[in-house]
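Inspection log for the structure reproduced underneath, given as structure tokens.
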Amino acid sequence: MADSKEQDPSKTEEAQTTAVIPAADDSTPAGACGFEPEYVPEGGREAWTVVLGSTLALFASAGMINAYGTFQDYYESTLLPSSSSASISLIGSLQVFFLYGFGPLTGRTFDAYGTSVLIPLGSVVCVFAMMMVSLTQEDEAYELFLSQGVLFGIGIALMFNPSVAVMSHWFRRRRASAIGVVLSGGAVGGVVFPIMLQHLIPRIGFGWATRVLAFLIMVCFVVACLTIRTRLPLSGRISWRTAVDLRGFRDVRYVLATVAGFLLFYALFIPYFYIQIYADFRGVSPKISNYLLAILNAMNIPSRVLPGILADRYGALKIFIPASGLCTVLILGLWLPSRNAASIVAFSALYGLFAGSFVSLLATYIATITPREVYGARLGSVYIFLAVATLIGTPTAGAILKTVDEAHFTRLIVFSGALMAAGTLTLCAVAVVDSGRVRVGIRHRRTQEREDEEQRLERS
């Protein structure tokens, strides 16, 4: 019986693609892959305590990125009236760029030393950066570039990758669900922070409102430092040569997934940054437009958790492709023709519901085709391309929106929809290759024999 399971490609696909550590599931008995699978708790008090700490870490760090639309609206109208929309959006883009651009370094550091260095250091940097943001003077854009763009972006980068990657130490079958719960912390932050800013700025001013946020995230980071920990042995050494693991690009699925991620993340944050400005252009009441970003991020919460649960059962791609396809339809079919508050609110809610799954599903799919020991580094290698996409995505949107009028908003929305459609088609190509119907190209010709040899060596 074990031999028949081992010959069934549908049962051993993950074992073939993760030659060092085969995945174990309920249908695969111990020893079916030739040796005992690595033990993973799949839950318990310690595991869910780590999930709590990682969720709070992303609430306080990534949540600030999701709230940047509120900062952008305030900067354009009050704090930086002399700066262009493109230059102000670059501040938020820098945060996302550093988050993903530092992925290779933080990923390899995590593989070597775990969370003992990255989480405390990232916590200090984030809190200090927000204190510096609170001291920004009017029309001094460079101060925000350095504090909120560069410094806070670096702090987020130190927090994000280890908070997600540590889930592979505690979960395997339920890993997508755990990652979804962790990433939902960023969505909750995207709900809480805009509402706090909208209420605090008129009462105590921008400076003290930002300091209140800084104290709040400091409390979250203290809990994160006390609860996030690794479980498996670490290498204890790191070198620049191993900071980026490019061997994943021998696998055509990894290449196509990276291309799809680049296209999707190029457009992903454009509605986050510009939906409130669009609503103001359409004459939507501030009582509604001020909460659009909170609505979008609130709908991110179920989309960070539920797709992970479904991905555990059906596979990441079977959830990722419909989600990205629906986002394409929403941008071109709902946002483009929207003219009133009802349609704009509907777009914000529905886009948030489906777009929120992108980060967790991409990370989950990469995990299914990557050995555990190099998962952090290979995920970090993908993040390099996502960093470039997010750095140029919203500034490109700002450059398209030179003037806030009908024609320029139409170009912006069509541009976003076209990128989302291209990314969805690329994901379909990944699914075709992953299904086994296509066994040509990089993976088949260059790596199949190497993977088989690694499995034989490991079994011996």
Side-chain angles (χ1 to χ4, degrees), residues 14-15 17-26 28 30-31 33 35-59 61 103-123 158-185 220-238 242-243 245 304-305 308-309 311-312 316 360 363-380 458:
E14 189 170 357
T17 56
T18 58
V20 178
I21 300 175
D25 55 38
D26 292 335
T28 306
C33 296
F35 57 95
E36 291 294 325
E38 182 182 70
Y39 168 74
V40 177
E42 296 290 358
R45 185 177 64 181
E46 285 187 287
W48 290 112
T49 299
V50 175
V51 172
L52 171 64
S54 295
T55 303
L56 289 175
L58 295 197
F59 167 84
S61 56
L105 178 59
T106 57
R108 206 54 182 158
T109 303
F110 170 80
D111 292 336
Y113 301 112
T115 60
S116 59
V117 175
L118 294 170
I119 299 298
L121 180 60
S123 300
L158 296 173
M159 303 292 296
F160 185 85
N161 207 345
S163 296
V164 174
V166 74
M167 293 300 105
S168 65
H169 284 235
W170 299 92
F171 299 91
R172 179 179 290 121
R173 287 185 297 103
R174 303 169 71 180
R175 178 171 49 203
S177 301
I179 290 175
V181 171
V182 169
L183 292 175
S184 70
C220 295
F221 288 144
V222 168
V223 177
C225 290
L226 295 174
T227 56
I228 300 176
R229 54 191 174 276
T230 55
R231 182 186 64 86
L232 301 173
L234 304 168
S235 65
R237 59 186 179 85
I238 185 172
T242 58
D245 189 344
R304 300 290 173 93
V305 180
I309 297 173
D312 282 339
S360 62
T364 300
Y365 179 69
I366 296 300
T368 64
I369 59 173
T370 301
R372 196 272 304 168
E373 288 89 344
V374 294
Y375 173 58
R378 289 200 185 173
L379 184 62
E458 185 66 32

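All of these numbers come straight from a predicted model, not from anything done at the bench. Excluded from the calculations below are hydrogen atoms, water molecules and symmetry mates; all remaining heavy atoms, backbone and side chain alike, are included.
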With distance as the sole test, does His169 use its side chain to make a donor-acceptor pair with the main-chain N or O of Arg231 at under 3.5 Å? yes
Looking only at heavy atoms, the pair that brings Ser123 and Met159 closest together is N-SD, 3.5 Å
How about Ser54 and Val164: do any of their side-chain heavy atoms sit closer than 4.5 Å? no
What closest approach, in Å, do Gly114 and Leu118 show between heavy atoms, and which atom pair accounts for it? O-CD1, 3.9 Å
Does a side-chain heavy-atom distance below 4.5 Å link Leu52 with Ile228? no
Closest heavy-atom pair and its distance - Arg229, Trp170: O-NE1, 3.1 Å
Has Thr368 got a side-chain atom pairing as donor or acceptor with Tyr365's backbone, closer than 3.5 angstrom? yes
If we only count heavy atoms from C-beta on, is the Val50 to Val166 side-chain gap below 4.5 Å? yes
Closest non-hydrogen contact found for Val51 with Thr55 is O-OG1, 2.7 Å
Ser168 side chain to Ala165 main-chain N or O, any donor-acceptor pair under 3.5 Å? yes
Listed partners of Phe221 passing ring-ring contact (aromatic ring centres under 6.0 Å, His included), at least two apart: none
Pairwise distance OG1(Thr364) to CG(Leu183) - rounded to 0.5 angstrom: 8.0 Å
Do Leu58 and Phe160 have side chains that approach each other closer than 4.5 Å (heavy atoms only, starting at C-beta)? yes
Let me confirm one number: the OG1-CZ distance from Thr230 to Phe110, rounded to the nearest 0.5 Å. 6.5 Å
Contact summary for Pro120 and Cys225, nearest pair of heavy atoms: CA-SG, 3.7 Å
If you round to the nearest 0.5 Å, how far is CG of Leu226 from CD1 of Ile119? 12.0 Å
Specify the closest pair of heavy atoms between Val182 and Ser163, including all atoms of both residues, with the distance to one decimal. CG1-O, 4.0 Å
